[in-house]
Amino acid sequence: MEPTKPLDELWQPVVEAIHASKFQTVLAATGGSGALAALVKTPGASRTVLEAVVPYSHNSLCQWIGGTPDQACSEATARAMAMAAWMRARELAPEADPLKLLGLGCTASLATNRPKRGAHRVHVAVQSGAFTRTFHLELSSSRQRVEEETLAASLVISVLAEACEASHADLDEAMESSMGIGERISPKEQVATRRWSELILEDCQEMAVRAPEMDPDRIPSWPKLVFPGSFNPLHSGHLRMAEVAERKLGEPLAWELAINNVDKPPLDCLTHAERIAAIHAVDRDRFVKVSTLPTFVEKAEFNEEVCFVVGVDTLLRIADPNYYASEAATEEAIAMIEAAGCRFLVFGRVIDGKFQTLSDLTLPPTLLELCDEVTAEEFREDISSSELRS
């Protein structure tokens, strides 16, 4: 049955209900941007909309999410956009209840004037301090661009209304009536774990997560051998590095998964839960240290006398002046790591097509003094997480 009204004529009462709610939001959309216009042109928008952005170019999107996405239009990218939006909302409304702040991200691949690869689709994600929700809609190719944009914008408004606990039943019913054969909205939700909430709401900076069947007595008071990474995914190379590190140093190793990362999007609670479950699926003997500490200076200050397991690519970034305000700031950061009694166990990696170890690098002497090398004879594994994702 066809809807009695065009979808965009049903937006107004839903948007009014959103503005009447107690929620505030930041929105980032590279599709369905008509929803942004509908929100800001309706009276009461200043109570709800903290900021709305359209990070349409590749560079703009990378800056928004804090890293380079594997794919511009994907669920993972929508989640990263929403997480960045929620964190931005916290910056803009620091006195607000964080559970009343929302971040919404929408990315879409819609009809255009050039051949497209892949299905026409919309991904919408909404982030709060209590949950991550995603919605995926794959479209048939029978619609015109304006029709796809209207449906995408309707999905954005509906998702935001649900998160704001505002009425949206009429719009949902009309959207369902507009769907073609085989089209449906696929939702997914992860309620925030207590651990994730405590970290992201800054009630603590680090905590340990063990595999469900792991004996609590096997977890040391706090690890002295730590392997930081995004582990997307954890693979055989990581596991071999862990084994080599434990054998060389005689210490049990812990994985460190940071919610905030340099050059990578922050982890929403759905991604956080997925990563920990994936790590424990292949390694039930080591625990995961979850933190909010993105840089090694912060990690070192919080964890004195720790040895960090790193690849040469990571070590090069520690010495890269592009990550610091000045050359003096680079040296100061290295000095702070040294003062905390921390060191690096450095593994070789393929860089620009060549396998390189610590001996191949040109580093500041002060940083080099903090490093111990794992030779190519001791370890060589050319696999990478990005290649596995591809």
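All heavy atoms count here, side chains included; hydrogens, waters and symmetry mates do not. Worth saying up front: this structure is predicted, and the values here are computed from it rather than measured.
Under 4.0 Å is where a charged nitrogen must lie from a carboxylate oxygen, and between E256 and K299 at least one such pair does. Comment: R286 engages D283 in a salt bridge, judged by a side-chain N to carboxylate O separation of less than 4.0 angstrom. Salt-bridge annotation for K224 and E251: absent, with no side-chain N of the basic residue lying under 4.0 Å from a carboxylate O of the acidic one. Salt bridge E183/R121: absent, no basic N to carboxylate O contact under 4.0 Å. Residues E75 and K188 are paired through a salt bridge, judged by an N-O separation under 4.0 Å between the basic side chain and the carboxylate. Using a cut-off of 4.0 Å between Lys/Arg side-chain N and Asp/Glu carboxylate O, E378 and K248 are scored as salt-bridged.
Here L293 sits in one hydrophobic cluster together with F302; the rule is ILVMFWY side chains under 4.5 Å apart, joined directly or through other members.
With contacts defined as side-chain heavy-atom distances shorter than 4.5 Å, the pair R88/W86 does not qualify.
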Inset, instruction - Tell me, with the steps shown, if F344 and F296 meet side chain to side chain contact (heavy atoms under 4.5 Å, CB included). - result: CA-CA 10 Å; F344 299 97; F296 280 96; 3.7 Å; yes
Legend entry - Criterion side chain to side chain contact (heavy atoms under 4.5 Å, CB included) on D360 and F355, from CA distance to verdict: CA-CA 9 Å; D360 300 311; F355 189 82; over 6 Å; no
Inset, instruction - Begin with the C-alpha distance, continue with both residues' side-chain angles, and end with the deciding distance and a verdict on side chain to side chain contact (heavy atoms under 4.5 Å, CB included) for T357 and V346. - result: CA-CA 8 Å; T357 64; V346 185; over 6 Å; no
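Closest of all the heavy-atom pairs between T330 and I318 is CG2-O, 4.4 Å. Across all non-hydrogen atoms, the minimal contact from A163 to V126 is CB-CG2, 3.9 Å. Across all their heavy atoms, C164 and L102 have their closest contact at SG-CD1, 3.6 Å.
Around the CD atom of E16, the shell of radius 6.0 Å holds more than 12 heavy atoms that belong to other residues, nucleotides or ligands.
The residue from L367, L315, L368 that alone fulfils the side chain to side chain contact (heavy atoms under 4.5 Å, CB included) condition with L361 is L315.
Residues passing the salt bridge (Lys or Arg N to Asp or Glu O under 4.0 Å) test with R145, sequence neighbours excluded: E149.
H235 and H238 have parallel rings, their planes meeting at less than 30° on a 0 to 90° scale where 60° marks the start of perpendicular.
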